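Right, one structure below, let's go through it.
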Amino acid sequence: MSFLSLILKNLVRQRVRTALTVLGISIGITTVVALGVVTDSLKATSGEILQLGDADFMVAQEGAADLSFSILPQDSVSALLEQPGVESAEGMLFHVARVGSNPYFFLIGREHSGLAARPPHLIAGKVWQAGATDEILLGKRAADDLAAGVGDTISIEDRPLTVSGIYQTGRLLEDGGAYAPLGVVQEIAGRSGVVTAVFVSVSEGADPAEVGQSIEEQFPGLASIVEVGDYSEVDQGIQFLDAANLAISVLAVGIGAIGVMNTMIMSVFERTREIGIFRAVGWSGRRILRMIITESLILCVVAAFVGSALGILAIRAILLIDVIRNVLEPQYGAEVFVRALVVAVVVALAGAAYPAFRAVRLTPMEALRYE
Amino acid sequence: MSERRHAIQVRGLVKSFERGRINALNGVDLDVGEGEFVAIVGPSGCGKSTLLHLIAALDRPDEGTIDVFGHELQTGRRLDHYRARDVGLVFQLDNLIPSLSASENVQVPMFEAPYSGHERTRRADERLAQVGLTGKGRSRPPQLSGGERQRVAIARALANDPPLLLADEPTGRLDSASGLRILDLLEDLRNQRQLTIVLVTHEQAVAERADRIVEMLDGRVRQRTEVSPGSTTVA
(Lines give C-alpha, C1' and ligand atoms only; values in the text may rest on other atoms or scores of the structure.)
Protein backbone atom coordinates (compact mmCIF):
# COMPACT_ATOMS: atom_id res chain seq x y z
CA MET A 1 0.00 0.00 0.00
CA SER A 2 1.34 3.40 -0.94
CA PHE A 3 0.69 6.60 0.98
CA LEU A 4 -1.34 7.85 -1.99
CA SER A 5 -3.55 4.77 -2.05
CA LEU A 6 -4.19 5.24 1.68
CA ILE A 7 -5.28 8.81 0.95
CA LEU A 8 -7.49 7.70 -1.94
CA LYS A 9 -9.17 5.15 0.33
CA ASN A 10 -9.97 7.98 2.74
CA LEU A 11 -11.69 9.89 -0.08
CA VAL A 12 -13.47 6.90 -1.57
CA ARG A 13 -15.03 5.72 1.68
CA GLN A 14 -17.16 8.91 1.75
CA ARG A 15 -18.11 8.76 -1.91
CA VAL A 16 -21.15 11.02 -1.85
CA ARG A 17 -19.46 13.73 0.18
CA THR A 18 -16.35 13.59 -2.00
CA ALA A 19 -18.45 13.76 -5.18
CA LEU A 20 -20.52 16.69 -3.92
CA THR A 21 -17.41 18.59 -2.85
CA VAL A 22 -15.78 18.01 -6.23
CA LEU A 23 -18.99 19.16 -7.93
CA GLY A 24 -19.20 22.30 -5.79
CA ILE A 25 -15.63 23.33 -6.57
CA SER A 26 -16.08 22.32 -10.22
CA ILE A 27 -18.88 24.84 -10.63
CA GLY A 28 -16.54 27.62 -9.51
CA ILE A 29 -13.82 26.34 -11.84
CA THR A 30 -16.35 26.09 -14.70
CA THR A 31 -17.13 29.77 -14.26
CA VAL A 32 -13.44 30.67 -14.18
CA VAL A 33 -12.74 28.64 -17.34
CA ALA A 34 -15.83 29.77 -19.28
CA LEU A 35 -15.32 33.44 -18.48
CA GLY A 36 -11.60 33.12 -19.18
CA VAL A 37 -12.28 31.58 -22.61
CA VAL A 38 -14.85 34.30 -23.39
CA THR A 39 -12.43 37.05 -22.33
CA ASP A 40 -9.56 35.57 -24.33
CA SER A 41 -11.82 35.06 -27.33
CA LEU A 42 -13.02 38.66 -27.21
CA LYS A 43 -9.44 39.84 -26.86
CA ALA A 44 -8.50 37.71 -29.86
CA THR A 45 -11.40 39.20 -31.82
CA SER A 46 -10.19 42.66 -30.79
CA GLY A 47 -6.71 41.67 -31.85
CA GLU A 48 -8.08 40.83 -35.29
CA ILE A 49 -9.11 44.45 -35.74
CA LEU A 50 -5.47 45.42 -35.37
CA GLN A 51 -4.70 43.39 -38.45
CA LEU A 52 -7.12 45.32 -40.68
CA GLY A 53 -5.40 46.81 -43.69
CA ASP A 54 -2.14 45.02 -42.75
CA ALA A 55 -1.10 48.08 -40.76
CA ASP A 56 1.56 48.18 -38.02
CA PHE A 57 -0.70 49.79 -35.44
CA MET A 58 -3.95 51.59 -34.91
CA VAL A 59 -4.69 55.04 -33.53
CA ALA A 60 -8.02 55.68 -31.81
CA GLN A 61 -9.66 58.06 -29.36
CA GLU A 62 -8.20 57.66 -25.90
CA GLY A 63 -10.54 56.63 -23.10
CA ALA A 64 -13.44 55.48 -25.30
CA ALA A 65 -15.79 53.12 -23.47
CA ASP A 66 -15.70 50.88 -26.52
CA LEU A 67 -13.63 51.02 -29.70
CA SER A 68 -16.78 51.50 -31.80
CA PHE A 69 -17.44 54.74 -29.86
CA SER A 70 -14.05 56.16 -30.87
CA ILE A 71 -14.41 59.24 -33.09
CA LEU A 72 -11.54 60.92 -34.93
CA PRO A 73 -11.91 63.74 -37.46
CA GLN A 74 -11.25 62.41 -40.94
CA ASP A 75 -8.58 65.07 -41.45
CA SER A 76 -6.54 63.55 -38.61
CA VAL A 77 -5.43 61.01 -41.22
CA SER A 78 -3.47 63.64 -43.12
CA ALA A 79 -2.06 65.03 -39.85
CA LEU A 80 -0.79 61.58 -38.89
CA LEU A 81 0.72 61.08 -42.34
CA GLU A 82 3.00 64.01 -41.65
CA GLN A 83 4.45 62.42 -38.52
CA PRO A 84 8.02 61.13 -38.68
CA GLY A 85 8.24 57.41 -39.31
CA VAL A 86 4.72 57.16 -40.75
CA GLU A 87 4.64 55.72 -44.24
CA SER A 88 0.91 55.41 -44.71
CA ALA A 89 -2.22 56.10 -42.71
CA GLU A 90 -5.76 55.03 -43.52
CA GLY A 91 -8.89 56.05 -41.68
CA MET A 92 -11.64 53.47 -41.25
CA LEU A 93 -15.10 53.81 -39.84
CA PHE A 94 -16.67 50.85 -38.04
CA HIS A 95 -20.39 50.41 -37.84
CA VAL A 96 -22.22 47.51 -36.30
CA ALA A 97 -25.59 46.72 -37.85
CA ARG A 98 -28.14 43.92 -37.85
CA VAL A 99 -27.89 42.17 -41.19
CA GLY A 100 -29.58 38.86 -41.81
CA SER A 101 -29.38 36.72 -38.66
CA ASN A 102 -26.28 38.57 -37.43
CA PRO A 103 -26.97 41.46 -35.06
CA TYR A 104 -23.24 42.23 -34.98
CA PHE A 105 -22.56 42.61 -38.69
CA PHE A 106 -19.24 44.46 -38.76
CA LEU A 107 -19.30 47.06 -41.51
CA ILE A 108 -15.98 48.72 -42.26
CA GLY A 109 -15.83 51.94 -44.24
CA ARG A 110 -12.62 52.39 -46.27
CA GLU A 111 -11.42 54.68 -49.02
CA HIS A 112 -11.11 52.92 -52.36
CA SER A 113 -7.40 53.80 -52.54
CA GLY A 114 -6.61 52.11 -49.25
CA LEU A 115 -8.65 49.00 -50.01
CA ALA A 116 -7.20 48.68 -53.51
CA ALA A 117 -3.65 49.03 -52.12
CA ARG A 118 -4.17 46.43 -49.37
CA PRO A 119 -7.22 44.35 -50.19
CA PRO A 120 -8.29 41.32 -48.16
CA HIS A 121 -7.90 37.91 -49.81
CA LEU A 122 -10.57 37.84 -52.52
CA ILE A 123 -12.21 34.51 -53.32
CA ALA A 124 -14.74 35.90 -55.80
CA GLY A 125 -15.40 39.14 -57.71
CA LYS A 126 -13.31 42.27 -57.21
CA VAL A 127 -12.90 45.41 -55.11
CA TRP A 128 -15.57 47.98 -55.87
CA GLN A 129 -14.93 50.71 -58.43
CA ALA A 130 -13.39 54.03 -57.35
CA GLY A 131 -16.21 56.48 -56.58
CA ALA A 132 -18.77 53.68 -56.20
CA THR A 133 -21.58 54.46 -53.75
CA ASP A 134 -23.69 51.32 -53.96
CA GLU A 135 -21.18 48.47 -53.82
CA ILE A 136 -19.90 46.32 -51.05
CA LEU A 137 -17.17 43.68 -50.54
CA LEU A 138 -18.69 40.88 -48.49
CA GLY A 139 -16.95 38.52 -46.05
CA LYS A 140 -17.26 34.75 -46.66
CA ARG A 141 -19.22 34.03 -43.47
CA ALA A 142 -21.57 36.91 -44.13
CA ALA A 143 -22.03 35.77 -47.73
CA ASP A 144 -22.86 32.26 -46.54
CA ASP A 145 -25.21 33.59 -43.89
CA LEU A 146 -27.02 35.81 -46.39
CA ALA A 147 -26.74 33.29 -49.25
CA ALA A 148 -25.40 36.17 -51.32
CA GLY A 149 -22.99 36.00 -54.25
CA VAL A 150 -21.23 38.46 -56.51
CA GLY A 151 -23.79 40.69 -58.22
CA ASP A 152 -26.47 40.12 -55.59
CA THR A 153 -27.88 43.02 -53.65
CA ILE A 154 -28.06 43.09 -49.88
CA SER A 155 -29.63 45.69 -47.66
CA ILE A 156 -27.88 47.30 -44.71
CA GLU A 157 -30.19 49.50 -42.67
CA ASP A 158 -32.43 49.90 -45.71
CA ARG A 159 -29.56 50.85 -47.98
CA PRO A 160 -29.27 48.47 -50.96
CA LEU A 161 -25.69 47.54 -51.85
CA THR A 162 -24.46 45.30 -54.64
CA VAL A 163 -21.85 42.67 -53.82
CA SER A 164 -18.76 43.40 -55.94
CA GLY A 165 -16.65 40.63 -54.43
CA ILE A 166 -16.29 38.12 -51.59
CA TYR A 167 -13.20 37.84 -49.39
CA GLN A 168 -11.95 35.44 -46.77
CA THR A 169 -9.34 36.30 -44.13
CA GLY A 170 -9.96 33.64 -41.49
CA ARG A 171 -10.76 36.41 -39.02
CA LEU A 172 -14.22 36.05 -37.49
CA LEU A 173 -15.23 39.69 -37.28
CA GLU A 174 -13.95 40.58 -40.74
CA ASP A 175 -15.36 37.50 -42.49
CA GLY A 176 -18.71 38.02 -40.78
CA GLY A 177 -18.94 41.61 -42.03
CA ALA A 178 -18.15 43.67 -45.10
CA TYR A 179 -16.09 46.51 -46.55
CA ALA A 180 -17.98 49.43 -48.05
CA PRO A 181 -16.89 52.85 -49.30
CA LEU A 182 -16.10 55.16 -46.36
CA GLY A 183 -18.66 57.75 -47.44
CA VAL A 184 -21.38 55.11 -47.65
CA VAL A 185 -20.64 53.84 -44.13
CA GLN A 186 -20.53 57.42 -42.81
CA GLU A 187 -24.01 57.96 -44.27
CA ILE A 188 -25.38 54.70 -42.87
CA ALA A 189 -23.86 55.41 -39.43
CA GLY A 190 -24.84 59.11 -39.52
CA ARG A 191 -21.24 60.09 -38.84
CA SER A 192 -20.05 62.22 -41.68
CA GLY A 193 -16.49 63.49 -41.67
CA VAL A 194 -15.24 61.10 -38.99
CA VAL A 195 -13.46 57.77 -38.75
CA THR A 196 -13.25 55.29 -35.88
CA ALA A 197 -9.54 54.67 -36.12
CA VAL A 198 -6.54 55.33 -38.28
CA PHE A 199 -4.38 52.38 -39.33
CA VAL A 200 -0.75 53.35 -39.60
CA SER A 201 2.12 51.61 -41.39
CA VAL A 202 5.60 52.78 -40.44
CA SER A 203 8.55 53.43 -42.72
CA GLU A 204 11.15 50.73 -43.15
CA GLY A 205 13.38 50.50 -40.09
CA ALA A 206 11.03 52.51 -37.86
CA ASP A 207 9.77 50.99 -34.60
CA PRO A 208 5.94 50.96 -34.49
CA ALA A 209 5.95 51.33 -30.68
CA GLU A 210 8.19 54.40 -30.84
CA VAL A 211 6.18 55.97 -33.68
CA GLY A 212 2.98 55.28 -31.73
CA GLN A 213 4.48 56.82 -28.59
CA SER A 214 5.52 59.92 -30.54
CA ILE A 215 1.97 60.27 -31.95
CA GLU A 216 0.49 60.04 -28.45
CA GLU A 217 2.83 62.81 -27.28
CA GLN A 218 2.05 64.95 -30.29
CA PHE A 219 -1.73 64.43 -30.15
CA PRO A 220 -3.08 64.27 -26.60
CA GLY A 221 -6.40 62.47 -26.72
CA LEU A 222 -5.17 59.85 -29.17
CA ALA A 223 -4.02 56.39 -28.16
CA SER A 224 -1.88 54.09 -30.25
CA ILE A 225 -2.70 50.38 -30.10
CA VAL A 226 0.31 48.35 -31.09
CA GLU A 227 -0.73 45.09 -29.47
CA VAL A 228 -3.82 43.55 -27.89
CA GLY A 229 -2.59 44.46 -24.43
CA ASP A 230 -2.94 48.15 -25.31
CA TYR A 231 -6.65 47.77 -25.99
CA SER A 232 -7.71 48.89 -22.55
CA GLU A 233 -6.67 52.43 -23.54
CA VAL A 234 -9.52 52.59 -26.05
CA ASP A 235 -11.89 49.84 -24.92
CA GLN A 236 -12.92 49.66 -21.30
CA GLY A 237 -15.09 46.63 -22.06
CA ILE A 238 -11.97 44.44 -22.08
CA GLN A 239 -10.94 45.97 -18.76
CA PHE A 240 -14.35 45.19 -17.29
CA LEU A 241 -14.11 41.61 -18.50
CA ASP A 242 -10.65 41.23 -16.98
CA ALA A 243 -11.94 42.70 -13.71
CA ALA A 244 -14.97 40.37 -13.78
CA ASN A 245 -12.67 37.46 -14.45
CA LEU A 246 -10.49 38.32 -11.47
CA ALA A 247 -13.53 38.89 -9.25
CA ILE A 248 -15.02 35.53 -10.21
CA SER A 249 -11.69 33.80 -9.61
CA VAL A 250 -11.48 35.36 -6.14
CA LEU A 251 -15.10 34.40 -5.43
CA ALA A 252 -14.44 30.86 -6.68
CA VAL A 253 -11.47 30.64 -4.33
CA GLY A 254 -13.49 31.98 -1.38
CA ILE A 255 -16.58 29.85 -1.91
CA GLY A 256 -14.54 26.80 -2.92
CA ALA A 257 -12.28 27.13 0.12
CA ILE A 258 -15.30 27.23 2.44
CA GLY A 259 -16.68 24.09 0.77
CA VAL A 260 -13.37 22.27 1.03
CA MET A 261 -12.86 23.42 4.61
CA ASN A 262 -16.31 22.11 5.51
CA THR A 263 -15.54 18.73 3.93
CA MET A 264 -12.08 18.47 5.44
CA ILE A 265 -13.24 19.56 8.92
CA MET A 266 -16.00 16.93 8.85
CA SER A 267 -13.49 14.38 7.65
CA VAL A 268 -10.96 15.29 10.36
CA PHE A 269 -13.62 15.30 13.11
CA GLU A 270 -14.95 11.92 12.01
CA ARG A 271 -11.44 10.52 11.89
CA THR A 272 -10.13 12.06 15.10
CA ARG A 273 -9.75 8.67 16.74
CA GLU A 274 -8.12 7.31 13.60
CA ILE A 275 -5.66 10.22 13.62
CA GLY A 276 -4.96 9.27 17.24
CA ILE A 277 -4.13 5.75 16.08
CA PHE A 278 -1.80 7.11 13.40
CA ARG A 279 -0.07 9.29 16.00
CA ALA A 280 0.08 6.39 18.48
CA VAL A 281 1.85 4.14 15.99
CA GLY A 282 4.41 6.83 15.28
CA TRP A 283 3.11 9.03 12.50
CA SER A 284 4.63 12.47 12.73
CA GLY A 285 2.55 15.64 12.69
CA ARG A 286 4.11 16.38 9.31
CA ARG A 287 2.77 13.13 7.85
CA ILE A 288 -0.73 13.87 9.19
CA LEU A 289 -0.45 17.33 7.61
CA ARG A 290 0.64 15.80 4.30
CA MET A 291 -2.24 13.36 4.39
CA ILE A 292 -4.90 16.03 4.92
CA ILE A 293 -3.43 18.52 2.45
CA THR A 294 -2.96 15.82 -0.20
CA GLU A 295 -6.58 14.72 0.25
CA SER A 296 -7.65 18.32 -0.24
CA LEU A 297 -5.36 18.76 -3.26
CA ILE A 298 -6.73 15.61 -4.89
CA LEU A 299 -10.29 16.84 -4.40
CA CYS A 300 -9.47 20.21 -5.92
CA VAL A 301 -7.31 18.98 -8.81
CA VAL A 302 -10.05 16.53 -9.80
CA ALA A 303 -12.48 19.45 -9.54
CA ALA A 304 -10.15 21.52 -11.76
CA PHE A 305 -10.31 18.85 -14.48
CA VAL A 306 -14.06 18.34 -14.12
CA GLY A 307 -14.62 22.12 -14.00
CA SER A 308 -12.43 22.66 -17.07
CA ALA A 309 -14.35 20.00 -19.00
CA LEU A 310 -17.65 21.56 -17.91
CA GLY A 311 -16.29 25.00 -18.87
CA ILE A 312 -15.53 23.77 -22.41
CA LEU A 313 -19.00 22.21 -22.60
CA ALA A 314 -20.52 25.48 -21.39
CA ILE A 315 -18.67 27.41 -24.10
CA ARG A 316 -19.83 24.93 -26.73
CA ALA A 317 -23.37 25.30 -25.46
CA ILE A 318 -23.35 29.10 -25.69
CA LEU A 319 -21.83 28.89 -29.17
CA LEU A 320 -25.05 27.22 -30.29
CA ILE A 321 -26.57 30.70 -30.05
CA ASP A 322 -26.14 32.48 -33.43
CA VAL A 323 -25.62 35.91 -31.92
CA ILE A 324 -22.64 34.68 -29.90
CA ARG A 325 -21.20 32.50 -32.64
CA ASN A 326 -20.91 35.57 -34.87
CA VAL A 327 -18.64 37.48 -32.47
CA LEU A 328 -16.86 34.74 -30.58
CA GLU A 329 -14.40 32.20 -31.83
CA PRO A 330 -13.38 30.25 -28.72
CA GLN A 331 -9.73 30.51 -27.75
CA TYR A 332 -8.77 27.64 -25.44
CA GLY A 333 -5.47 29.09 -24.32
CA ALA A 334 -3.33 27.18 -21.81
CA GLU A 335 -3.35 30.24 -19.56
CA VAL A 336 -7.06 29.77 -18.79
CA PHE A 337 -6.56 26.17 -17.68
CA VAL A 338 -3.45 27.01 -15.71
CA ARG A 339 -5.48 29.72 -13.95
CA ALA A 340 -8.18 27.12 -13.18
CA LEU A 341 -5.54 24.82 -11.72
CA VAL A 342 -4.02 27.64 -9.66
CA VAL A 343 -7.48 28.53 -8.33
CA ALA A 344 -8.02 24.86 -7.43
CA VAL A 345 -4.68 24.58 -5.63
CA VAL A 346 -5.30 27.81 -3.69
CA VAL A 347 -8.76 26.49 -2.75
CA ALA A 348 -7.19 23.20 -1.62
CA LEU A 349 -4.55 24.83 0.54
CA ALA A 350 -6.89 27.45 2.01
CA GLY A 351 -9.59 24.87 2.70
CA ALA A 352 -7.25 22.34 4.29
CA ALA A 353 -5.24 24.78 6.42
CA TYR A 354 -7.47 24.87 9.51
CA PRO A 355 -8.47 21.16 9.53
CA ALA A 356 -4.83 20.17 9.11
CA PHE A 357 -3.76 22.56 11.87
CA ARG A 358 -6.38 21.08 14.19
CA ALA A 359 -5.37 17.50 13.38
CA VAL A 360 -1.68 18.20 13.97
CA ARG A 361 -2.31 19.93 17.30
CA LEU A 362 -4.15 16.92 18.74
CA THR A 363 -2.04 14.84 21.11
CA PRO A 364 -2.32 11.08 20.55
CA MET A 365 -4.21 10.64 23.83
CA GLU A 366 -6.67 13.45 23.07
CA ALA A 367 -7.37 11.87 19.71
CA LEU A 368 -7.66 8.32 21.08
CA ARG A 369 -10.09 9.43 23.79
CA TYR A 370 -12.28 11.20 21.23
CA GLU A 371 -15.69 9.57 20.86
CA MET B 1 16.22 -9.35 37.11
CA SER B 2 19.34 -7.78 38.50
CA GLU B 3 21.52 -9.28 35.72
CA ARG B 4 19.36 -7.83 32.97
CA ARG B 5 20.01 -4.47 31.29
CA HIS B 6 17.32 -1.91 31.98
CA ALA B 7 14.72 -1.56 29.25
CA ILE B 8 12.53 0.85 31.21
CA GLN B 9 13.47 2.98 34.18
CA VAL B 10 10.73 5.16 35.65
CA ARG B 11 11.43 7.51 38.58
CA GLY B 12 9.07 9.68 40.60
CA LEU B 13 6.38 9.74 37.95
CA VAL B 14 3.48 12.08 38.68
CA LYS B 15 0.50 12.66 36.43
CA SER B 16 -2.76 14.40 37.18
CA PHE B 17 -5.80 15.23 35.08
CA GLU B 18 -8.46 17.93 35.16
CA ARG B 19 -6.09 20.59 36.49
CA GLY B 20 -4.87 18.50 39.36
CA ARG B 21 -8.28 17.32 40.57
CA ILE B 22 -7.52 13.72 39.60
CA ASN B 23 -4.14 12.38 40.63
CA ALA B 24 -3.52 9.37 38.41
CA LEU B 25 0.10 8.74 39.41
CA ASN B 26 1.69 9.84 42.67
CA GLY B 27 5.39 9.13 42.35
CA VAL B 28 5.77 5.83 40.56
CA ASP B 29 9.15 4.10 40.34
CA LEU B 30 9.46 1.12 38.02
CA ASP B 31 12.30 -0.87 36.49
CA VAL B 32 11.81 -3.38 33.67
CA GLY B 33 14.71 -5.42 32.39
CA GLU B 34 15.42 -6.10 28.74
CA GLY B 35 13.46 -9.16 27.58
CA GLU B 36 11.36 -9.17 30.73
CA PHE B 37 7.58 -9.75 30.71
CA VAL B 38 5.97 -7.57 33.36
CA ALA B 39 2.28 -7.44 34.20
CA ILE B 40 0.86 -4.34 35.90
CA VAL B 41 -2.29 -5.09 37.83
CA GLY B 42 -4.61 -3.17 40.03
CA PRO B 43 -8.20 -2.00 40.33
CA SER B 44 -9.80 0.42 37.90
CA GLY B 45 -8.47 3.95 38.33
CA CYS B 46 -5.26 2.86 40.05
CA GLY B 47 -3.17 4.49 37.28
CA LYS B 48 -1.94 1.39 35.47
CA SER B 49 -3.13 2.49 32.00
CA THR B 50 -1.85 6.03 32.60
CA LEU B 51 1.56 4.59 33.43
CA LEU B 52 1.48 2.53 30.22
CA HIS B 53 0.47 5.56 28.13
CA LEU B 54 3.33 7.58 29.57
CA ILE B 55 5.81 4.79 28.77
CA ALA B 56 4.30 4.71 25.25
CA ALA B 57 4.89 8.49 24.98
CA LEU B 58 1.23 9.03 24.22
CA ASP B 59 1.10 11.59 27.01
CA ARG B 60 3.57 13.67 29.04
CA PRO B 61 4.20 13.31 32.78
CA ASP B 62 3.80 16.27 35.15
CA GLU B 63 6.91 15.22 37.04
CA GLY B 64 9.44 12.43 37.03
CA THR B 65 11.57 10.74 34.43
CA ILE B 66 11.00 7.87 31.99
CA ASP B 67 13.98 6.26 30.33
CA VAL B 68 13.22 3.61 27.71
CA PHE B 69 16.26 2.09 26.02
CA GLY B 70 18.07 5.38 26.53
CA HIS B 71 15.21 7.61 25.31
CA GLU B 72 14.35 10.19 27.95
CA LEU B 73 10.67 10.57 27.19
CA GLN B 74 9.98 13.43 29.59
CA THR B 75 12.03 15.76 27.38
CA GLY B 76 9.43 15.34 24.65
CA ARG B 77 12.03 15.10 21.88
CA ARG B 78 11.55 12.80 18.85
CA LEU B 79 8.58 11.05 20.43
CA ASP B 80 7.07 10.25 17.00
CA HIS B 81 10.27 8.50 16.07
CA TYR B 82 10.27 6.63 19.40
CA ARG B 83 6.66 5.50 18.94
CA ALA B 84 7.35 4.38 15.38
CA ARG B 85 10.57 2.45 15.98
CA ASP B 86 10.99 1.53 19.63
CA VAL B 87 7.61 0.63 20.97
CA GLY B 88 4.65 -1.42 19.79
CA LEU B 89 1.23 -0.75 21.24
CA VAL B 90 -1.72 -3.09 21.71
CA PHE B 91 -4.93 -1.63 23.11
CA GLN B 92 -7.94 -3.20 24.75
CA LEU B 93 -9.98 -2.10 21.75
CA ASP B 94 -8.09 -3.32 18.73
CA ASN B 95 -8.08 0.22 17.30
CA LEU B 96 -7.82 -1.04 13.77
CA ILE B 97 -8.95 1.14 10.88
CA PRO B 98 -12.09 -0.54 9.54
CA SER B 99 -11.71 0.74 5.96
CA LEU B 100 -8.26 -0.83 5.62
CA SER B 101 -7.53 -4.53 5.20
CA ALA B 102 -5.63 -6.46 7.86
CA SER B 103 -2.44 -6.18 5.80
CA GLU B 104 -2.92 -2.43 5.29
CA ASN B 105 -3.53 -1.93 9.01
CA VAL B 106 -0.24 -3.67 9.73
CA GLN B 107 1.51 -1.44 7.18
CA VAL B 108 0.34 1.83 8.78
CA PRO B 109 3.32 2.20 11.19
CA MET B 110 5.74 1.24 8.40
CA PHE B 111 5.19 4.58 6.63
CA GLU B 112 7.56 6.09 9.19
CA ALA B 113 10.28 3.55 8.32
CA PRO B 114 12.29 3.48 5.09
CA TYR B 115 10.41 0.66 3.37
CA SER B 116 9.15 0.59 -0.19
CA GLY B 117 5.50 -0.23 -0.88
CA HIS B 118 6.46 -3.74 -1.94
CA GLU B 119 8.57 -4.22 1.20
CA ARG B 120 5.73 -2.99 3.40
CA THR B 121 3.38 -5.56 1.87
CA ARG B 122 5.92 -8.36 2.31
CA ARG B 123 6.67 -7.43 5.92
CA ALA B 124 2.95 -7.16 6.72
CA ASP B 125 2.39 -10.66 5.34
CA GLU B 126 5.27 -11.92 7.51
CA ARG B 127 3.87 -10.26 10.63
CA LEU B 128 0.41 -11.67 9.95
CA ALA B 129 1.92 -15.14 9.51
CA GLN B 130 3.76 -14.73 12.85
CA VAL B 131 0.46 -14.11 14.63
CA GLY B 132 -1.24 -17.03 12.85
CA LEU B 133 -3.22 -15.06 10.30
CA THR B 134 -1.75 -16.38 7.06
CA GLY B 135 -4.22 -15.74 4.24
CA LYS B 136 -6.22 -13.16 6.18
CA GLY B 137 -4.33 -10.13 4.89
CA ARG B 138 -7.09 -8.96 2.59
CA SER B 139 -9.86 -9.28 5.21
CA ARG B 140 -11.16 -6.08 6.73
CA PRO B 141 -11.52 -5.85 10.51
CA PRO B 142 -15.33 -6.26 10.48
CA GLN B 143 -14.83 -9.59 8.70
CA LEU B 144 -12.57 -10.91 11.49
CA SER B 145 -13.38 -12.30 14.95
CA GLY B 146 -12.39 -10.38 18.10
CA GLY B 147 -9.39 -12.64 18.65
CA GLU B 148 -8.27 -12.27 15.04
CA ARG B 149 -8.58 -8.50 15.23
CA GLN B 150 -6.41 -8.46 18.35
CA ARG B 151 -3.85 -10.60 16.52
CA VAL B 152 -3.82 -8.05 13.68
CA ALA B 153 -3.27 -5.35 16.32
CA ILE B 154 -0.30 -7.33 17.68
CA ALA B 155 1.08 -7.76 14.15
CA ARG B 156 0.75 -3.98 13.68
CA ALA B 157 2.52 -3.37 16.99
CA LEU B 158 5.43 -5.47 15.73
CA ALA B 159 5.46 -3.84 12.28
CA ASN B 160 8.78 -2.04 12.74
CA ASP B 161 10.41 -4.67 14.98
CA PRO B 162 10.29 -2.67 18.20
CA PRO B 163 12.17 -4.05 21.19
CA LEU B 164 9.29 -3.14 23.53
CA LEU B 165 5.65 -4.20 23.39
CA LEU B 166 3.09 -2.41 25.57
CA ALA B 167 -0.31 -4.05 25.88
CA ASP B 168 -3.26 -2.42 27.62
CA GLU B 169 -5.81 -5.10 28.62
CA PRO B 170 -5.22 -7.01 25.36
CA THR B 171 -7.57 -9.81 26.41
CA GLY B 172 -10.15 -7.63 28.12
CA ARG B 173 -12.74 -7.88 25.37
CA LEU B 174 -12.09 -11.49 24.40
CA ASP B 175 -13.64 -14.76 25.50
CA SER B 176 -11.36 -16.88 27.68
CA ALA B 177 -10.24 -19.22 24.88
CA SER B 178 -9.31 -16.31 22.57
CA GLY B 179 -7.65 -14.52 25.50
CA LEU B 180 -5.50 -17.56 26.22
CA ARG B 181 -4.43 -17.81 22.61
CA ILE B 182 -3.40 -14.13 22.65
CA LEU B 183 -1.33 -14.74 25.82
CA ASP B 184 0.30 -17.79 24.24
CA LEU B 185 1.13 -15.66 21.22
CA LEU B 186 2.67 -12.90 23.36
CA GLU B 187 4.77 -15.47 25.19
CA ASP B 188 5.92 -17.05 21.92
CA LEU B 189 6.82 -13.67 20.48
CA ARG B 190 8.74 -12.77 23.62
CA ASN B 191 10.72 -15.99 23.38
CA GLN B 192 11.34 -15.72 19.62
CA ARG B 193 12.21 -12.01 19.46
CA GLN B 194 13.54 -11.30 22.97
CA LEU B 195 10.78 -8.73 23.30
CA THR B 196 10.32 -6.74 26.48
CA ILE B 197 6.62 -6.83 27.29
CA VAL B 198 4.67 -4.68 29.71
CA LEU B 199 1.08 -5.76 29.98
CA VAL B 200 -1.68 -4.05 31.92
CA THR B 201 -4.49 -6.23 33.15
CA HIS B 202 -6.96 -6.55 35.99
CA GLU B 203 -7.13 -10.34 35.60
CA GLN B 204 -4.85 -12.23 37.98
CA ALA B 205 -4.74 -15.30 35.70
CA VAL B 206 -3.45 -13.16 32.86
CA ALA B 207 -0.89 -11.45 35.10
CA GLU B 208 0.49 -14.78 36.25
CA ARG B 209 1.71 -15.47 32.72
CA ALA B 210 4.30 -12.71 33.25
CA ASP B 211 7.78 -12.95 34.83
CA ARG B 212 6.84 -10.34 37.36
CA ILE B 213 3.65 -8.70 38.59
CA VAL B 214 3.60 -5.06 39.64
CA GLU B 215 0.55 -4.23 41.68
CA MET B 216 -0.67 -0.64 41.74
CA LEU B 217 -3.07 1.15 44.04
CA ASP B 218 -4.02 4.82 44.13
CA GLY B 219 -1.34 5.88 41.70
CA ARG B 220 1.52 4.10 43.45
CA VAL B 221 3.29 0.77 43.09
CA ARG B 222 2.10 -1.26 46.08
CA GLN B 223 3.87 -4.54 45.61
CA ARG B 224 6.21 -6.39 43.23
CA THR B 225 5.87 -10.12 42.86
CA GLU B 226 8.27 -12.46 41.08
CA VAL B 227 6.38 -15.22 39.30
CA SER B 228 7.83 -18.67 38.76
CA PRO B 229 6.01 -21.80 37.60
CA GLY B 230 3.93 -23.10 40.50
CA SER B 231 4.88 -20.34 42.99
CA THR B 232 5.11 -16.58 43.47
CA THR B 233 7.53 -14.52 45.53
CA VAL B 234 6.41 -11.18 46.97
CA ALA B 235 9.08 -8.46 47.03
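Note on naming: letters A, B, ... go to the chains in the order of the sequence lines (proteins, then strands), and numbering restarts at 1 for each one. Fair warning: this is a prediction, and the values are worked out from it, not measured in the lab.
Looking at B/L100 and A/L6, their side chains come closer than 4.5 Å, going by heavy atoms from C-beta outward. In this structure, B/L186 and B/I154 have side chains that are in contact, with non-hydrogen atoms separated by less than 4.5 Å. Side-chain contact between B/L165 and B/R193: absent, with no pair of heavy atoms (C-beta onward) separated by less than 4.5 Å. By the 4.5 Å heavy-atom criterion applied to side chains, B/L189 and B/I197 are not counted as neighbours.
Neither the backbone nor the side chain of B/L79 comes within less than 4.5 Å of any heavy atom in chain A. With a 4.5 Å cut-off on non-hydrogen atoms, B/I97 touches chain A through its side chain but not through its backbone.
When atom types are taken as modelled, the side chain of B/D67 and the backbone of B/E72 share no donor-acceptor pair closer than 3.5 angstrom.
Residues A/V33 and A/V336 come closest through the heavy atom pair O-CG1, 3.6 Å.
Ranking A/G276, A/A280, A/G285 against chain B, the residue ahead of the rest is A/A280, based on heavy-atom pairs under 4.5 Å.
For CZ of B/F17, the number of neighbouring non-hydrogen atoms (other residues, nucleotides, ligands) closer than 6.0 Å is greater than 12.
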May I have a list of the donor-acceptor pairs under 3.5 Å that connect chain B with chain A?
unit_1	atom_1	unit_2	atom_2	d
B/D80	OD1	A/R279	NH2	3.3
B/R83	NE	A/R279	O	2.8
B/N95	OD1	A/R273	NE	3.4
B/N95	OD1	A/R273	NH2	2.7
B/S99	OG	A/R13	NH1	3.3
B/E104	OE1	A/K9	NZ	3.4
B/E104	OE2	A/K9	NZ	3.0
B/Q107	OE1	A/M1	N	2.9
B/V108	O	A/W283	NE1	2.8
B/F111	O	A/R287	NH2	2.9
B/E112	OE2	A/S284	N	3.3
B/E112	OE2	A/R287	NE	2.7
B/R120	NE	A/M1	O	3.2
B/R120	NH2	A/M1	O	3.2

